[in-house]
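Here is how names work: the chains are called A, B, and so on, in the same order as the sequence lines, proteins then strands, and each is numbered from 1.
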Amino acid sequence: MLNNDDIIAGCVNKDRIAQKALYEKYGAKMFGFCIRYSNSRADAQDLLQDGFIKVFDSIASLKDPSQLEGWMSRVFINLALSKFRKSSRGPIHVEVVDVVDESDNAVEVQSDSMEIEDVLRCLMLLPENYRMVLNLYAIDKLSHKEIAESLGTTISNSKSLLHRARVLLKELVEQQRNKDTGKQ
Amino acid sequence: MNNKETRTLENSRRHIDNWLNQQFEDFTPNPDAGLWQSIDAALDRKERRSKFIWYWLAAGVLLLVTGVTAIQWNIHKHQQTGATNVAKNNERSLAPTKSHSNPSQLEEVTNESASSPVAVIPHKSNSNPSKTPNINADIDALPQELVSPAFATDLLAQDFVDQWKDDANASTSLSTMPDQLAWSRLPRKSLMPGRWAIEIGADANQTGLMYRAKSDYANYIHKNYFDRMKSGEFALSASRIQGALLYQLTQNHSVKIGLAYAENRTQQKFDFRDSMPATVIQGQSADALGYYPIFGYLGLGPQVKFESQSTYSVLSIPMGYTGHFAWRNNLYLTPEVLISANRLGVSAGAQTLDYQTLLQKSQVQDQFRTWVMGARIAMGVEKRLNYAQAIGLRVNAQSMISPMYVPNAALESRGWSVGLSAHYSWRIQ
């Protein structure tokens with residue numbers, strides 16, 4: 001089993017065995033990123049493929065091998081953002097709601113058991129810009145400033161999108177739970 | 001998702017961000033098993049593309065060099081013509097005013113000009129247009145000591161020959177001139193005919209594939225195959241470099257044999273869902289690729305969505321005819337008709353549409369013939385830089401005569417390309 005240093009060195013030299021080892025080691029993890037940012041599994045696989053090609057192309061620019069996973073995550077997130085920007089026309093504008101602080105913005109859900117497939121289904125039902133902001137802020141821990149810069153919008157727009165995404169996701173999750181309860 | 005996971009959290013309400021974050025913690029779904037093959041193939045294509053760029057670059061450099069050389073040659077020629085005209089005008093203004101129209105008069109001038117430093121060349125033969133002088137005989141007839149070097153140079157200069165050509169106008173004496181004198185700028189003693197020439201060139205073409213069903217196997221191919229191929233396939237670039245040896249049979253006609261290497265690329269994009277074919281196997285014979293006749297179609301099939309680039313490398317031995325027909329100044333029209341034996345190579349990792357199932361299929365070398373015949377026609381213009389060298393451009397169209405798939409495959413596909421080629425030729429003296 002190759003260690004990260006060997007894998008990186010091999011990938012820099014375009015060694016296909018090292019590239020495959022990198023894919024096998026991080027493919028599933030990165031596919032998790034891709035699914036969260038995509039509309040379907042097929043789109044996620046396209047994103048995963050493009051992301052790995054990008055990683056292989058630019059791995060020579062990785063300075064610190066210990067940051068490999070974080071760096072790859074960032075590559076995949078940037079690629080997802082880039083695809084989103086290409087698919088959306090112009091900057092994102094939403095009607096700014098009165099968001100005072102995070103506590104006003106708090107949206108709570110019941111933390112019952114839920115299948116990850118159902119969570120994903122709910123997430124994929126969100127409008128693409130809602131999903132983007134929610135993913136970036138809630139899971140990938142980007143600040144509103146970073147999100148606004150990435151999406152070419154304002155900080156208040158980003159906050160507004162996040163709030164709407166949370167509210168809508170909550171509704172979707174509860175609907176899903178009611179459906180599951182009905183089945184039982 | 002492939003790996004279904006269920007997570008149980010404490011039974012209380014919590015912030016949706018935290019809940020979501022925890023749901024995706026350690027979320028590592030497995031991508032499809034064949035995805036690495038796709039990445040592998042995409043990396044291969046990328047490497048090939050970068051290699052391909054070098055071919056384009058080589059073709060571009062050749063075109064650039066050809067263009068720059070042609071421009072410089074034109075500038076040089078105009079400068080020379082200008083200087084010659086100035087010199088002639090000066091000579092005429094200084095020379096004795098007596099002008100003569102035929103060799104006998106010229107002799108009188110030479111006698112008269114014993115005391116004069118400048119000889120005057122007759123330019124127009126208005127008095128006796130039917131009589132056309134023989135230029136070689138005239139030069140030989142002149143007393144050598146009376147012909148100054150400047151005179152000799154002037155006599156053989158292109159402008160002078162052109163003037164004589166105008167004057168003589170389809171005269172018999174011009175037909176006796178050496179062929180090469182009509183376009184050479186070099187002194188006469190260098191005009192030894194070299195029949196062999198070497199030519200190097202590069203093509204920048206657009207390429208594509210033509211498909212048809214072999215008549216005996218028409219029902220082996222999915223009813224929508226040709227429509228899908230037509231709408232999904234895009235012509236891409238083809239670059240070709242070649243070296244050739246020409247042998248000049250006559251002034252206008254040459255034969256040619258060479259060696260060329262080309263890379264022809266096509267791209268496929270498919271995104272559709274279609275019916276699946278029902279095939280009969282018992283008592284039926286398969287085509288050369290192992291497919292059976294289709295007797296019907298069953299409902300909806302799986303979704304087919306893929307993109308692929310196919311690269312066919314072609315190492316060929318072209319041979320045939322090349323013409324050289326004077327057009328104007330030093331420009332020659334150069335038609336070309338060649339046939340070629342091509343050794344076909346199919347890039348690894350290329351995908352295509354299976355003509356029976358309409359599903360994505362890998363292309364492998366075994367499905368293709370090793371050798372296919374091709375034909376090429378071209379028409380162009382060549383500029384003679386001097387006796388030995390020429391540069392030219394041709395518009396070319398080429399196609400495979402024999403199909404690319406193995407014999408007895410239901411499908412016959414042939415590659416084609418059209419485009420522009422540039423060449424440089426050097427006559428071996």
Within 6.0 angstrom of A:Lys141 NZ, more than 12 heavy atoms from elsewhere
yes

Smallest separation among heavy atoms of A:Ile35 and B:Pro29, with atom names
CD1-CG, 3.7 Å

Between A:Arg16 and B:Asp44 the two heavy atoms that sit nearest each other are NH1-OD1, 3.3 Å

Compare all side-chain heavy atoms of B:Leu35 with those of A:Phe31 and state whether any distance is below 4.5 angstrom.
no

NZ (B:Lys361) with more than 12 external heavy atoms under 6.0 Å:
yes

How are the rings of B:Trp36 and A:Phe56 set to each other: parallel, tilted or perpendicular (split at 30° and 60°)?
perpendicular

Using a cut-off of under 4.5 Å on heavy-atom pairs, state which of A:Lys29, A:Met30, A:Lys14, A:Gln45 scores highest against chain B.
A:Gln45

If you measure from the Lys or Arg side-chain nitrogens to the Asp or Glu carboxylate oxygens, is any gap between B:Asp40 and A:Lys20 under 4.0 Å?
no

In terms of heavy-atom contacts, does CG of B:Leu57 have more than 12 from other residues, nucleotides or ligands at under 6.0 Å?
yes

If you define the side chain from C-beta out and look only at heavy atoms, does anything of B:Ile39 sit under 4.5 Å from A:Gln19?
no

Are side-chain heavy atoms of B:Leu20 and A:Arg166 found at a separation under 4.5 Å?
no

How many angstroms lie between atom CZ of B:Arg45 and atom CD1 of A:Ile53, to the nearest 0.5 angstrom?
7.5 Å

Distance from B:Ile16 atom CD1 to A:Leu169 atom CG, nearest 0.5 Å?
4.0 Å

Indicate yes or no: at least one non-hydrogen side-chain atom of A:Leu123 is less than 4.5 angstrom from one of B:Phe24.
yes

Which heavy atom in B:Ser38 sits nearest to a heavy atom in A:Gln49, and how many Å separate them?
CB-OE1, 3.3 Å

Part of A:Glu24 within contact of chain B (heavy atom distance under 4.5 Å):
neither

What part of A:Asp140 gets within 4.5 angstrom of chain B, counting heavy atoms only: side chain, backbone, both, or neither?
neither

Segment of A:Asp118 engaging chain B (4.5 angstrom heavy-atom cut-off):
neither

